[in-house]
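Numbering of residues begins at 1 and proceeds along the displayed sequence. Every number for a ligand or one of its atoms is a count from 1 in the order of the listing.
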Amino acid sequence: QVLIEFDNVQKVYPNGTVGLKDINLKLYKGEFVAVVGLSGAGKSTLLRTINRMHDITGGDLKVNGQSIVGYKGKNLRNLRRSIGMIFQDFNLVNRSSVRRNVLSGRVGYYSTWKSSLGLFSAEDKKRAVQALDRVNMTEKIYTRVDQLSGGQQQRVAIARALMQDPQIMLADEPIASLDPLTTTAVMDDLLNLNKELGITVLANLHSVPLAMKYADRIVGLRDGQLVYDKPIAEVKEED
Ligand code: ADP
Ligand code: ADP
């Protein structure tokens, strides 16, 4: 079942830089896709078009069979809620607790004054505990984020993304600032979401060996173009 479809997608940034060129790509529900390529190849741009953090400038992009290009208001909010995202630098609020950070994944569901006062529903508090449990971080629930290691922070970021019950998880260089040991913990968490919750994962990775270990499929970009696309079983060393 096709979940995300790039149909001749172009992305030219306002300053004229080409982010993506002629991208044709179908991603299927339940896949774990690694996007590889050098820095500046367009990996981050590719991910960010899917949740409309960046708007494409040509072609069409469909999620669940519907073009998201013209989405506004409620449609756009729903699209973004169905897509979780994590970043290289975690994007957490450092001076807040793990709990507050994770609950902030539900902020879009509350009026601003309620969430600013920390008035979350019992159900969402329960959901937060469950999300932390999934990444083995429940013991740290009251710890301040700046007292955690990078790997632990990334797992908190995953838990925050899970609060939206996402259908898709976008991971933009999720392990680029982590050491090898915590890299494994974070990648294992992503694999767990993929296999146990059925969340489709798209991860930008620099490391091809890591992509081969975790992904079902490897997509390669160079200078904004799709230059490689193979299921893991067909990936060869010399590629
Ligand atoms: P991240 O690396 O955290 O994904 P960005 O998405 O901001 O950061 O940037 C991704 C890449 O695009 C970086 O290599 C950055 O140098 C480049 N970049 C970001 N903004 C601009 C810009 N306004 N003009 C040119 N290049 C940019
Ligand atoms: P990657 O994630 O593979 O490192 P990016 O998607 O960040 O690549 O960047 C692709 C190209 O688009 C690069 O040339 C980058 O500098 C440029 N770019 C990224 N973000 C911006 C931006 N906001 N404005 C202008 N150019 C950008």
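Looking at residues two or more places apart in sequence or on another chain, you find no salt bridge (Lys or Arg N to Asp or Glu O under 4.0 Å) involving Asp7. With sequence neighbours left out, Asp55 forms a salt bridge (Lys or Arg N to Asp or Glu O under 4.0 Å) with Arg52.
Within ligand 2, the atoms closer than 4.0 Å to a non-hydrogen atom of Leu38 are 3 (O), numbered from 1 in the order shown. Residue Asn15 approaches ligand 2 through these ligand atoms, each under 4.0 Å from one of its heavy atoms: 25 (C). Applying the 4.0 Å criterion to heavy atoms of Gly42 picks out, from ligand 2, the atoms 1 (P), 3 (O), 5 (P), 6 (O), 8 (O), 10 (C).
Looking only at distances, no side-chain donor or acceptor of Ser82 sits under 3.5 Å from a matching main-chain atom of Pro166.
When side chains are defined from C-beta on, Val98 counts as touching Val156, because their heavy atoms get closer than 4.5 Å.
The shortest N/O to N/O separation between Leu46 and ligand 2 does not fall below 3.5 Å. In terms of N/O distances under 3.5 Å, ligand 2 is approached by Thr45. Checking only distances, Ser44 does come within under 3.5 Å of ligand 2, N or O to N or O. The shortest N or O to N or O distance between Ala41 and ligand 2 is under 3.5 Å. Looking at Asn204 next to ligand 2, no N or O pair under 3.5 Å apart turns up.
Using modelled atom types, one finds no donor on one side chain facing an acceptor on the other under 3.5 Å when comparing Ser104 with Asn101.
The shortest heavy-atom distance from Ser39 to ligand 2 is under 4.0 Å.
Across Phe87 and Gln154, no two heavy atoms sit closer than the pair O-NE2, 2.8 Å.
Contacts of Leu221 with ligand 2, taken as heavy-atom pairs under 4.0 Å, are absent altogether.
In this structure, CD on Glu123 lies 6.5 Å from CZ on Arg106, to the nearest 0.5 angstrom.
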